[in-house]
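Encoded as structure tokens, the structure appears first; notes follow it.
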Amino acid sequence: MEYKKNILDRGFYSRDTSKVARDLLGKVLVKKSGRTAASGIIVETEAYYGPGDPASHAFRGSTPRSSIMFGKAGIAYVYLCYGVYWLLNIVTGEEGVPGAVLIRGLKPLDGIEEMQKRRNISCGRHKLTDGPGKLTIAMDIGYSDNGKDVADPKSDIYILENNPPDESFIIKNTERIGITNGKDRLLRYIAIGL
DNA sequence: GGGAAGATGTTCT
DNA sequence: GAACATCTTCCCT
């Protein structure tokens with residue numbers, strides 16, 4: 001695979017957060033761990049802003065945890081949710097303006113066996129990467145990936161343009177999930193038909 | 001197949 | 001000390 005040719009550059013992430021969230025659907029997330037590489041098609045995202053978005057970590061300004069959202073676009077923001085699960089975000093927008101896209105769902109491509117081992121699935125009742133906490137387990141993403149540059153081909157985590165481009169899926173725009181504030185804006189994006 | 005609630009620990013007030 | 005961008009299990013229909 002010609003990974004480096006298709007990697008999304010920083011310009012892609014430096015745009016408006018909701019546009020980045022929508023355009024990330026159908027793209028391919030790649031995570032290398034050791035000798036193996038896992039990848040999956042992004043099928044669900046959410047956009048998070050700063051001021052004016054009560055659900056965002058950056059709502060109250062820059063804190064030790066959220067300061068990364070004010071930084072350079074294309075940086076991975078990984079944080080612990082509910083003390084249990086790691087969630088993967090990509091910083092978006094111009095430098096100094098807080099914003100990030102939460103990767104909520106993947107469709108596994110490569111390394112599926114590795115994912116199953118890491119998820120330790122006992123029954124086939126649940127899918128592999130259909131939630132933000134599950135996909136980080138399956139992709140072996142954790143706090144050590146926080147602050148990595150997703151737009152850098154030398155990183156072991158990055159996102160590719162899908163090849164060949166497939167724009168056949170439908171994009172659905174809904175309320176965000178699992179939050180109590182800021183539900184009025186439709187900032188969750190789901191790809192249907194992948 | 002779908003809804004409800006407990007587990008869990010870091011961060012901020 | 002309260003809040004929280006979730007997952008799993010259990011129980012119901």
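Chain letters run A, B, ... following the sequence lines, proteins first and then strands; every chain starts at 1. Basis for what follows: all heavy atoms, side chains included, without hydrogens, waters or symmetry-related copies.
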- Task: Would you sketch DNA chain B in dot-bracket for me? Only Watson-Crick or G-U wobble pairs with both distances under 3.5 Å count, crossing pairs as [ ], other-strand pairs as |, the rest as dots.
- Result: |||||||.||||.
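Applying the side chain to side chain contact (heavy atoms under 4.5 Å, CB included) test to A:Ala138 and every residue at least two apart in sequence or in another chain returns A:Met115, A:Arg119, A:Thr129. Scored by the side chain to side chain contact (heavy atoms under 4.5 Å, CB included) test, A:Glu44 finds A:Arg104, A:Arg188, A:Ile190 as partners (sequence neighbours excluded).
One finds a side-chain N or O of A:Lys134 lying less than 4.0 angstrom from the OP1 or OP2 phosphate oxygen of C:dT8. Contact between the side-chain N/O atoms of A:Arg119 and the OP1/OP2 oxygens of C:dT8 is found at a separation under 4.0 Å. For B:dT11, the OP1/OP2 oxygens have no side-chain nitrogen or oxygen of A:Thr63 closer than 4.0 Å.
The stretch residues 52-60 of chain A touches DNA chain C through A:Ala55, A:His57, each having a heavy atom within less than 4.0 Å of the strand. The stretch residues 82-96 of chain A touches DNA chain C through A:Tyr82, A:Tyr85, A:Leu87, A:Asn89, each having a heavy atom within less than 4.0 Å of the strand.
Considering CZ of A:Arg118 and CD1 of A:Ile141, their distance stands at 9.0 Å, rounded to 0.5 Å.
The residue A:Leu102 sits close to a base: some heavy atom pair falls under 4.0 Å.
Nearest to the side chain of A:Arg65, among C:dA5, B:dT11, C:dC7, sits B:dT11.
Sorted by first and then second residue, the side-chain hydrogen bond (donor to acceptor under 3.5 Å, both in side chains) pairs involving residues 78-87 of chain A (not counting sequence neighbours) form an empty list.
Regarding A:Ile177, its CD1 atom lies at a distance of 12 Å from the P atom of B:dG3, rounded to whole Å.
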